[in-house]
Number of protein chains: 2
Amino acid sequence: MTDDRPDLAAMLYPLMRVLIAAETPILAAHDVSMWGYAVLTALDETPVRTQAALAAAIGADKSRIIGTLDELQAAELIERTPDPDDRRVRLLSITAKGRRVRRAVRKGIRAYEDELLSSVPAADRAGFLRSLRALSGR
Amino acid sequence: MTDDRPDLAAMLYPLMRVLIAAETPILAAHDVSMWGYAVLTALDETPVRTQAALAAAIGADKSRIIGTLDELQAAELIERTPDPDDRRVRLLSITAKGRRVRRAVRKGIRAYEDELLSSVPAADRAGFLRSLRALSGR
DNA sequence: CGCAATCATATGCAGCTGCTTATGATCCAC
DNA sequence: GTGGATCATAAGCAGCTGCATATGATTGCG
């Protein structure tokens, strides 16, 4: 064990702040909240059955996420339809509009990330992304 | 540009939560808050002149950090002495006790991190750490 | 059928955060 | 000497978060 590197959290924290700061105007330009974008992303990528399961999937609080879902629905970015097999459940789906918005936001974010990552050697970058992917469980 | 990876923030966020969850009991065992540990770490590694500069260095709010400094001082982990050259300033320094506590916490955290990172191939791990270091500005 | 579990929803509580404003003391350039 | 800047400190405000509780409706098992 060497003492030559900071704790992971100490490195992740400022990076996280930089990313959030960069994403904020991108999200604002599309009138989407950060949790709203997380919801759109989840729905765009994987089917999910219940709102609670969605909340768990994106690390959100199942109660707090309701407001976000309300906003997304009002903006016609998602739809909620009753599940014919279980009257407690409202099935979630992303609309075509929601898909477009999500992908536009992601494009902006990706452009920023690519620029950020371009300062890192390609071999390290690949290792970084692979590690990050493995460590984040996705 | 490929679509085959999640946004950085989407990967960093769960990793950050995992790290925080792991650190929480370690910090509690030493009766140190997370900001307290960040302060101790900063003081243990680099001299800093003013409290405001310390706050900036660790990404904390200069007003909010006062309470943390009060606690650390009460626990005799840091000392605040008036700067003879500038009566507005209180110079900060870590005590020997503070140094011991900080290093004990770091040891616990490092053990966890090493275990976590052991699931990643060594080459990727090195690339990960180098990238993280470069991207976090430290 | 009864009951525990689950769903969506709402909300309270405590804590934290970012930002701001304010205070009194001190510093320093003009 | 004056005034703006800086320091430490305190606290307001609004927003967010994690967790818990509660409600009414629904489901599914014993």
Side-chain angles (χ1 to χ4, degrees), chain A residues 9 12-14 16-25 27-28 32-39 42-43 47-74 78-93, chain B residues 9 12-14 16-25 27-28 32-39 42-43 47-74 78-93:
Chain A
L12 285 176
Y13 177 68
M16 198 72 218
R17 288 172 68 121
V18 163
L19 291 171
I20 290 172
E23 287 180 21
T24 300
L27 292 165
V32 182
S33 70
M34 221 171 53
W35 281 121
Y37 173 62
V39 166
L43 291 181
V48 78
R49 206 179 132 255
T50 66
Q51 292 179 187
L54 172 79
I58 64 174
D61 181 283
K62 70 183 178 187
S63 295
R64 304 286 184 213
I65 207 72
I66 305 285
T68 298
L69 295 175
D70 290 344
E71 287 164 11
L72 291 175
Q73 183 173 8
I78 67 168
E79 280 175 340
R80 293 197 253 192
T81 53
D83 182 347
D85 297 328
D86 184 339
R87 300 242 298 264
R88 295 171 299 187
V89 172
R90 297 225 270 170
L91 298 172
L92 296 169
S93 58
Chain B
L12 285 176
Y13 177 68
M16 199 72 217
R17 287 172 70 122
V18 163
L19 291 171
I20 289 171
E23 287 180 23
T24 300
L27 293 165
V32 181
S33 70
M34 219 170 54
W35 281 121
Y37 173 62
V39 168
L43 291 181
V48 77
R49 207 181 130 254
T50 66
Q51 292 179 188
L54 172 78
I58 64 174
D61 181 282
K62 71 183 177 187
S63 296
R64 303 283 185 216
I65 208 72
I66 306 287
T68 298
L69 295 175
D70 291 342
E71 286 164 14
L72 292 175
Q73 183 173 9
I78 67 166
E79 280 175 342
R80 294 197 252 193
T81 52
D83 182 348
D85 297 329
D86 184 338
R87 299 239 303 260
R88 295 171 300 184
V89 172
R90 297 226 269 168
L91 297 172
L92 297 170
S93 57

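In what follows, every heavy atom counts, from backbone to side chain, and hydrogens, waters and symmetry copies are set aside. Every chain is numbered from 1 and lettered A, B, ... according to where its sequence line falls, protein lines coming before strand lines.
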**Request:** For Arg80(B), enumerate each residue passing the salt bridge (charged side-chain N to carboxylate O under 4.0 Å, His left out) test, keeping only those at least two apart in sequence or located in another chain.
**Result:** Asp70(B)
**Request:** Answer yes or no: does a side-chain N or O of Arg90(A) lie under 4.0 Å from OP1 or OP2 of dT9(C)?
**Result:** yes
**Complete:** Ranking Ala53(A) and Arg17(A) by the position along DNA chain C of their nearest nucleotide, the one closer to 5' is Ala53(A)
**Request:** Output yes when at least one side-chain N/O atom of Trp35(A) is less than 4.0 Å from OP1 or OP2 of dT17(D), else no.
**Result:** yes
**Prompt:** Looking only at side-chain N and O atoms, does Arg87(A) come under 4.0 Å of OP1 or OP2 in dT26(D)?
**Reply:** yes
**Prompt:** Is the closest side-chain heavy-atom distance between Val39(B) and Leu92(B) below 4.5 Å?
**Reply:** no
**Prompt:** Given dC19(C), dC7(D), dT9(D), which nucleotide is nearest the side-chain atoms of Asp61(B)?
**Reply:** dC19(C)
**Within-4.5 Å side-chain heavy-atom neighbours: Leu69(A) and Gln73(A)** = no
**Most 5' of Asp85(A) and Gly67(B) on DNA chain D, judged by nearest nucleotide** = Gly67(B)
**Message:** Please compare Ser63(A) and Asp86(A) by the position of their nearest nucleotide in DNA chain C and report the one closer to 5'.
**Reply:** Asp86(A)
**Prompt:** Would you say dC7(D) has OP1 or OP2 under 4.0 Å from some side-chain N or O of Gln51(B)?
**Reply:** no
**Message:** Just so I know, are the side chains of Tyr13(B) and Ile58(A) near enough to count as touching, which here means a heavy-atom distance under 4.5 Å?
**Reply:** no
